[in-house]
Amino acid sequence: MPELPEVETIARDVRPLLEGAAFQSARVLKPDILRGVTRSAFERALAGRVVRAVGRRAKHLVILLDDGRRVVIQPRMTGSLLVTRRGGRRDPYAAIEARLSTGGLLTYRDVRRLGAVHLLTPRAWERYTARIGPEPLEPDFTAQRLAAALADGTLAVKKALMDQRRLAGVGNIYANEALWRARLDPSRAARSITAGEARRLHRALRTLLSGAIRRRGTTVRDYRTGTGEAGEYQSRLDVYGRAGLPCRRCGEAHRIAVTHAIDARATYFCPGCQH
DNA sequence: ACGAGGTCCTGCGAGC
DNA sequence: TGCTCGCAGGACCTCG
C-alpha cells in the first residue's frame with residue numbers, strides 16, 4: 001500500500017522517463033478512478049502536453065504539465081504507475097494509458113480502483129495541497145512541528161500520525177513502525193506525548209521513512225516500484241505483520257501483539273517496550 | 001468536536 | 001475440491 005516512501009520511489013523511477021516527454025494520446029479505461037473530470041476532458045487535456053516535472057506530495061504523485069495543470073494520482077491501496085515499451089500484453093487492471101513521444105507507454109493500473117486521479121489547475125492545486133499537512137522529510141519539519149501536530153488530539157497517537165491534515169504521507173505500516181522505534185504505545189492519546197517523546201518519534205519517523213526510500217519501499221502484496229519490481233523494505237519491518245514473533249528489542253521476553261482497537265486498522269506493537 | 005461506523009473495490013486465504 | 005465469507009485499508013462521508 002503506497003505510503004510516502006513507496007510514492008517517492010515511483011516518482012523517482014518514472015521521472016527520467018517522463019520529464020521532457022510529450023503525451024501523444026491518453027486513454028481512460030476505467031473512468032471511475034477520475035475525480036472532477038470526465039473521461040473525454042481528461043484525454044483531451046493530456047494530448048500534446050509536455051511533462052515539465054514529476055513529483056510527490058504526501059502519498060500523491062504529481063505530474064506537472066507544460067500548461068501549468070497537474071495530473072495528481074493517489075494510488076491508495078493497489079494503484080501503481082509504470083512506464084513500459086509499447087506493444088506489451090494488455091493489462092486487465094490498467095485504468096489509464098498514455099502514449100509518450102519517446103515511444104513509451106505510461107500506465108496507471110489499480111486492481112481495486114480505490115485510487116483517484118485528478119486534473120488540477122494551479123488554483124485547484126493550491127487548494128488541494130493546502131489541505132495536507134507538513135512533509136516529514138522536509139528540513140523545516142522539526143520535532144516541535146510534530147509535537148504541535150499532535151498537541152490538540154484526544155485521539156490515539158497512531159491515528160494522529162495517519163491523519164493527512166496533521167502529517168503528510170504516513171499510513172498504517174509506517175505509523176506502526178515509527179511508534180515501535182520510538183517505544184510509544186500506539187493507543188496513547190496524541191496530546192499526552194511529551195516534548196521528549198515527540199523528539200524520539202520525530203527521529204524515528206525521519207530515519208524510518210528515509211531508510212524505506214533507500215530500500216525502494218515496502219511490498220506486502222500489491223505495491224510495485226515505477227519499474228514494476230517489488231520493494232526491499234519488507235524484510236526490515238520490525239512490527240508490521242510480525243504478530244506472535246519475538247520483539248526485536250525485548251527478545252523472547254515479549255512477542256508482537258496485534259489489535260484492531262484503533263480505527264479498526266491492524267495495529268502491531270510490543271506490549272513489553274512500548275509505553 | 002469528536003468517535004464510531006459505513007462506503008468504495010477486488011483478490012486472496014481461511015474455513016467448512 | 002469448491003464454495004462462501006471476511007479481510008486487507010486510505011480517505012471520505014454521515015450520524016449521534
Side-chain angles (χ1 to χ4, degrees), chain A residues 1-10 28-37 56-62 72-81 91-96 107-118 120 124-125 127-133 135-136 148-179 186-192 205 209 212 217-224 230-231 234 237 239-244 256 258-269:
Chain A
M1 45 224 81
E3 303 180 29
L4 187 157
E6 289 74 33
V7 178
E8 180 66 29
T9 300
I10 295 171
V28 178
L29 304 155
K30 316 277 173 149
D32 58 350
I33 56 126
L34 292 178
R35 296 298 137 83
V37 59
R56 176 193 62 77
R57 170 77 171 112
K59 307 174 193 173
H60 313 248
L61 281 153
V62 184
V72 178
I73 302 173
Q74 193 178 13
R76 295 240 179 108
M77 295 301 294
T78 57
S80 59
L81 200 69
D91 181 351
Y93 300 112
I96 298 175
T107 302
Y108 174 66
R109 86 189 292 266
D110 194 338
V111 172
R112 270 146 68 183
R113 298 202 310 284
L114 292 173
V117 176
H118 304 255
L120 301 179
W125 166 248
R127 287 194 296 270
Y128 191 92
T129 190
R131 296 179 58 201
I132 306 171
E135 288 287 333
L150 302 176
D152 68 332
T154 55
L155 75 175
V157 60
K158 183 187 172 221
K159 201 180 171 193
L161 285 181
M162 294 169 63
D163 181 348
Q164 298 301 298
R165 290 162 301 182
R166 293 171 185 268
L167 180 65
V170 176
N172 197 42
I173 293 175
Y174 295 110
N176 279 299
E177 294 294 313
L179 289 163
S187 67
R188 285 264 303 275
R191 67 177 175 198
S192 78
L205 273 170
L209 294 173
T218 301
T219 298
V220 174
R221 182 178 293 179
D222 297 287
Y223 161 67
R224 291 296 178 272
Q234 54 278 7
L237 296 175
V239 281
Y240 185 86
R242 297 193 67 245
I256 302 303
V258 61
T259 172
H260 287 77
I262 302 169
D263 208 29
R265 304 282 189 267
T267 297
Y268 297 89
F269 65 103

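Labels below follow one simple rule: chain letters A, B, ... track the order of the sequence lines, proteins then strands, and each chain is numbered from 1.
Side-chain N or O atoms of Gln234(A) include one that pairs as donor or acceptor with a backbone N or O of Thr219(A) at under 3.5 Å.
Each of Asp263(A) and Arg113(A) lies near DNA chain B, and the nucleotide nearest Asp263(A) is the one positioned closer to the 5' end. The residue among Ala156(A) and Arg221(A) whose nearest nucleotide of DNA chain B lies closer to the 5′ end is Ala156(A).
Here Arg57(A) pairs with Glu135(A) under the salt bridge (Lys or Arg N to Asp or Glu O under 4.0 Å) rule; sequence neighbours left out. Residues passing the side-chain hydrogen bond (donor to acceptor under 3.5 Å, both in side chains) test with Asp32(A), sequence neighbours excluded: Arg113(A). The salt bridge (Lys or Arg N to Asp or Glu O under 4.0 Å) check on Glu8(A) picks up Arg12(A), Arg56(A), with sequence neighbours excluded. Take Tyr268(A) and apply the ring pair (Phe, Tyr, Trp, His ring centres under 6.0 Å) test, not counting sequence neighbours, and it matches Tyr240(A). Judged as a side-chain hydrogen bond (donor to acceptor under 3.5 Å, both in side chains), and not counting sequence neighbours, Thr259(A) has no contacts. For Tyr93(A), the ring pair (Phe, Tyr, Trp, His ring centres under 6.0 Å) criterion is met by no residue, not counting sequence neighbours. With sequence neighbours excluded, the residues that form a side-chain hydrogen bond (donor to acceptor under 3.5 Å, both in side chains) with Tyr174(A) are Glu6(A), Thr218(A).
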Checklist entry - Can you list the steps and then say if Val7(A) with His60(A) is a side chain to side chain contact (heavy atoms under 4.5 Å, CB included)? => result CA-CA 7 Å; Val7(A) 178; His60(A) 313 248; 5.9 Å; no

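Each end of the helix from dC2(B)-dG16(C) to dC16(B)-dG2(C) gets its own axis, taken as the rotation carrying the C1' atoms of four end pairs onto the next four within a five-pair window, and the two axes meet at 60° to the nearest 10 degrees.
Protein chain A contacts DNA chain B from dC2(B) to dG11(B), reading 5' to 3' and using non-hydrogen atoms of the protein with a distance under 4.0 Å.
Pairs engaging residues 164-176 of chain A under the salt bridge (charged side-chain N to carboxylate O under 4.0 Å, His left out) rule: Asp152(A)-Arg166(A), Asp163(A)-Arg165(A), Asp163(A)-Arg166(A) [sequence neighbours left out].
Distance NZ (Lys159(A)) to C1' (dG10(C)): 12 Å, rounded to an integer number of Å. In this structure, Arg112(A) places its CZ atom 13 Å from C1' of dG6(C), rounding to the nearest Å.
Regarding contacts with the backbone of dA8(C), a side-chain N or O of His260(A) is found under 4.0 angstrom from either OP1 or OP2.
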Between side-chain atoms of residues 153-160 of chain A and protein atoms elsewhere (two or more places apart, or another chain), which donor-acceptor pairs fall under 3.5 Å?
from	atom 1	to	atom 2	distance (Å)
Lys158(A)	NZ	Asn172(A)	OD1	2.7
Lys158(A)	NZ	Ala266(A)	O	3.3
Lys158(A)	NZ	Thr267(A)	OG1	2.8

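Across all strands, Thr154(A) comes closer than 4.0 Å only to sugar-phosphate atoms, never to a base (heavy-atom distances). Across all strands shown, Ala266(A) has heavy atoms under 4.0 Å from sugar-phosphate atoms exclusively, and none from any base.
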Under 3.5 Å, which protein N or O atoms sit close to an N or O of nucleotides 11-15 of chain C? Give each pair with its distance.
from	atom 1	to	atom 2	distance (Å)
dA11(C)	OP2	Lys59(A)	NZ	3.0
dA11(C)	OP2	Gln164(A)	NE2	3.4
dA11(C)	O4'	Arg76(A)	NE	3.3

